[in-house]
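Here is the structure we will look at, set down as structure tokens.
The structure displayed is predicted, hence computed values, not measured ones.
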Amino acid sequence: MNIISVINLVTVGLFGTILSAGFCTIRWTWKKRLIMAGSVCASLLFHGIFCFFTDVSTVKYFSPLITHVPLIIVLRIVNGEFLWSSISVLIAYLFCQVRRWLALFAVALFSCGPIMQDIVELIITLPLLFLILHFFAPSFRTISNCTTNEKCWFGLVPLLYYVFDYMTTFYTNLLSTGSPVVLEFMPFVCSLTYLMFVLRASQTEKIRIQMEQTREILNLQITQSVREIAALRESQQKTITHRHDLRHHMQFLLSCIENERTNQAQVYIHKICSEIEAAKVIVYCENEATNLILSAFSRRTQDYDIAISIKASIPQEIRISENDWCVLLSNALENALHSCQKIKEKGLPCLIDVSSYEEKGKLFLQISNSCVEEDIVFSHGIPVAAKPNHGIGIRSICTIVEHYGGIYSFSVKNGLFILRVSL
């Protein structure tokens with residue numbers, strides 16, 4: 001073997017090692033750099049000794065054991081993950097084939113001899129290495145953060161090609177025999193992988209669209225909840241204003257009495273009382289947002305002649321954001337109100353019971369409401385809507401609770417729908 005071929009063998013080893021490390025998410029330290037550099041030097045020394053006592057073909061034959069397995073072990077040490085370290089080595093092996101194929105293409109194009117293949121491979125090594133590390137390696141490192149199942153699917157093609165290449169060229173001569181089964185194997189793998197990719201991409205796109213729709217719905221609900229809170233706060237401010245103007249009201253009433261205009265005074269009193277009552281916020285607990293929402297829904301239940309019982313003990317400061325708490329509480333109460341409205345339309349009695357409190361830093365909420373048990377269908381413990389675009393409130397509640405690592409449960413018992421939330 002000439003010196004150029006030897007240099008090319010060393011170069012392809014360095015090429016594959018650098019790519020394998022570049023595809024892994026490694027927080028490089030001086031210790032890890034020394035480990036990688038030491039392993040590369042040890043590998044080159046071992047290969048040199050191995051070639052001295054045997055030949056290059058034998059080295060290639062045992063390459064999985066003396067090259068790739070040690071590299072996987074070293075990457076496992078510096079990367080902390082065995083699966084992706086193995087996949088990164090397989091991917092690097094694929095790119096080594098790209099390097100070789102480009103050289104073969106150049107040799108065939110210009111009708112050069114075999115020695116030119118080694119020269120071309122050496123020439124294109126650095127530019128190809130730069131392009132792969134700059135454009136491809138970041139994407140591969142992103143995929144390394146996927147689930148184990150996704151990483152296995154991603155590494156399937158490199159693994160099949162690796163096995164195919166060694167089984168048909170190094171360990172046997174099946175590829176040179178021209179067997180149709182062997183020749184069509186990799187095209188079959190590519191076609192099958194493409195079909196699987198299309199299915200996977202389609203499922204991912206559906207999930208993305210659903211998540212986008214859910215996000216838009218949640219944003220609308222948050223905006224609406226913020227508007228409701230702003231309106232309630234404005235009503236509260238009006239009440240404060242009425243109280244401030246109480247002296248003026250008294251002077252007007254006194255004037256009406258002095259001038260014996262009692263009817264006018266009565267009308268004025270009823271008007272002021274109605275305005276104050278409409279803007280009144282009932283104080284259930286220390287939390288202002290909770291009081292505003294519970295007061296608003298309490299008035300709505302009175303309008304529909306629905307009995308409601310409220311017990312709340314929520315401090316001013318809670319562990320979740322005010323917007324999320326408002327969306328969660330509003331959606332839960334809205335669902336309870338709608339359920340009771342349906343029962344009320346049938347002329348049946350109904351009620352809503354609300355209990356919420358904080359204990360040891362945990363926020364608890366339970367809302368029970370009358371329901372028609374036959375109309376409620378559960379899927380994996382969560383109520384599902386029979387009509388499209390319904391059930392948004394339930395999804396909103398689940399999303400918020402899961403975001404804060406809480407627990408939720410839905411159940412039906414003795415004609416009551418019960419929601420329990422722990423945050």
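Between the side chains of H68 and S20, no donor N or O sits under 3.5 Å from an acceptor N or O. Using modelled atom types, one finds a donor on one side chain and an acceptor on the other under 3.5 Å when comparing T25 with S144. Of the N and O atoms on the side chains of N8 and R99, at least one donor lies less than 3.5 Å from an acceptor on the other residue.
No donor-acceptor pair closer than 3.5 Å links the side chain of N173 to the backbone N or O of S176. Distance alone, capped at 3.5 Å, places no donor-acceptor pair between the S313 side chain and the C285 backbone. Although no hydrogens or angles enter the test, the distance criterion places a donor-acceptor pair under 3.5 Å between the side chain of S39 and the main chain of M36. Counting only distance, with no hydrogens or angles, the side chain of N335 and the backbone of N331 share a donor-acceptor pair below 3.5 Å. Counting only distance, with no hydrogens or angles, the side chain of R76 and the backbone of S85 share no donor-acceptor pair below 3.5 Å. Listed for the S379 side chain is no donor-acceptor partner under 3.5 Å among the backbone atoms of I382. Formation of a donor-acceptor pair under 3.5 Å by the H47 side chain with backbone atoms of S43 is found in this model. The backbone N or O of R27 lies less than 3.5 Å from a partner atom in the side chain of K32, making a donor-acceptor pair. With N291 contributing its side chain and Y284 its backbone, the two residues share a donor-acceptor pair below 3.5 Å. Checked by atom type and distance alone, the side chain of S298 never pairs as donor or acceptor with a backbone atom of L294 at under 3.5 Å.
Across V120 and A103, no two heavy atoms sit closer than the pair CG1-CA, 3.7 Å. Taking every heavy atom of both residues into account, C340 and N369 meet most closely at SG-CB, 4.1 Å. Here the closest non-hydrogen pair linking I352 and T301 is CD1-CG2, 4.1 Å. Pairing each heavy atom of P349 with each of S370, the nearest pair is O-OG, 4.4 Å. Of all the heavy atoms in F23 and A92, the pair that sits closest is CE1-N, 3.9 Å. Closest heavy-atom contact between L133 and A137: O-CB, 3.4 Å.
Enclosure of atom CZ in F185 by more than 12 non-hydrogen atoms of other residues, nucleotides or ligands within 6.0 angstrom is indicated. Heavy-atom contacts from other residues, nucleotides or ligands closer than 6.0 Å to CG of L131 number more than 12. By the neighbour-count criterion of 12 heavy atoms within 6.0 Å, atom CZ of F170 is densely surrounded, having more than that number from other residues, nucleotides or ligands. More than 12 heavy atoms of other shown residues, nucleotides or ligands fall within 6.0 angstrom of atom OH in Y171. Around the CH2 atom of W30, the shell of radius 6.0 Å holds no more than 12 heavy atoms that belong to other residues, nucleotides or ligands.
In this structure, the separation between CD1 on I26 and CZ on R141 is 9.5 Å, given to the nearest 0.5 Å. A distance of 15.5 Å separates CD1 in I143 from CH2 in W153, rounded to the nearest 0.5 Å. From T399, atom OG1 reaches atom CZ of R395 across 8.0 Å, with rounding to the nearest 0.5 Å. Taking OH of Y304 as the start and SG of C350 as the end, the distance is 12.0 Å to the nearest 0.5 Å. Separating the CD1 atom in I310 from the CZ atom in F297 is a distance of 10.5 Å, to the nearest 0.5 Å. Atom CG of L104 and atom CG of L109 lie 12.5 Å apart (nearest 0.5 Å).
You'll find the side chain of K342 stays beyond 4.5 Å of the side chain of V372, heavy atoms only. A 4.5 Å side-chain heavy-atom check between D118 and I7 finds every atom pair outside the cut-off. Residues E358 and E317 are not in side-chain contact: their nearest non-hydrogen atoms beyond the backbone lie 4.5 Å or more apart. Between C326 and I293, some side-chain heavy-atom pair lies under the 4.5 Å cut-off. Contact of the F140 side chain with the W84 side chain is registered, since non-hydrogen atoms from C-beta on lie closer than 4.5 Å. Side-chain atoms of L19 and I91, non-hydrogen and from C-beta on, never get closer than 4.5 Å to each other. Contact annotation: the side chain of T29 never approaches that of R33 to less than 4.5 Å [non-hydrogen atoms, C-beta and beyond]. L44 is listed as a side-chain neighbour of V10, based on a closest heavy-atom distance under 4.5 Å.
Ring pair Y161/F164 is tilted by interplanar angle, where 30° to 60° counts as tilted. Under the 30°/60° scheme for interplanar angles, the aromatic rings of Y162 and Y93 are found to stand perpendicular.
The side-chain contact (heavy atoms from CB on, under 4.5 Å) with V401 is formed by just one residue from the set L365, I407, I320, L328; it is L328.
Between Y357 and F364, the gap from one ring centroid to the other is short of 6.0 Å. In summary, the aromatic rings of F378 and F410 are positioned with their centroids too far apart to meet the 6.0 Å limit.
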- Query: Given T148 and L83, is the side-chain contact (heavy atoms from CB on, under 4.5 Å) satisfied, shown in steps?
  - Reply: CA-CA 8 Å; T148 301; L83 177 60; 3.7 Å; yes
- I would like to know whether R299 and Q302 meet side chain to side chain donor-acceptor pair (under 3.5 Å); could you show each step before the answer? CA-CA 5 Å; R299 285 194 292 271; Q302 291 175 7; over 6 Å; no
- Would you sort out whether I306 and L351 count as a side-chain contact (heavy atoms from CB on, under 4.5 Å), showing the intermediate values? CA-CA 6 Å; I306 297 173; L351 61 90; 5.9 Å; no
- Message: Determine whether F46 and C41 satisfy the following criterion, side-chain contact (heavy atoms from CB on, under 4.5 Å), listing intermediate values before the conclusion.
- Response: CA-CA 9 Å; F46 180 78; C41 293; over 6 Å; no
- Message: Go through it in stages, so that I can follow the logic: the residues are E81 and K151, the test is salt bridge (Lys or Arg N to Asp or Glu O under 4.0 Å), and I'd like the CA-CA distance, side-chain angles, deciding distance and then a yes or no.
- Response: CA-CA 12 Å; E81 184 182 352; K151 286 187 285 190; 2.2 Å; yes
- D165 and Q97: CA distance, side-chain angles, deciding distance, side-chain contact (heavy atoms from CB on, under 4.5 Å) verdict: CA-CA 10 Å; D165 195 36; Q97 309 311 309; 4.1 Å; yes
- Task: Show the numbers, then the answer: is there a side chain to side chain donor-acceptor pair (under 3.5 Å) between Q117 and E121?
- Result: CA-CA 6 Å; Q117 178 179 342; E121 287 184 9; 3.2 Å; yes
Acceptor/donor pairs from residues 414-423 side chains to any protein atom, 3.5 angstrom cut, sequence neighbours excluded:
{"unit_1": "R420", "atom_1": "NE", "unit_2": "Q366", "atom_2": "OE1", "d": "3.0"}

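For the salt bridge (charged side-chain N to carboxylate O under 4.0 Å, His left out) test, residues two or more places apart in sequence or in another chain that qualify with R200 are E150.
A salt bridge is defined here as a Lys NZ or Arg NE, NH1 or NH2 lying under 4.0 Å from an Asp or Glu carboxylate O, and R208 with E205 meets this definition.
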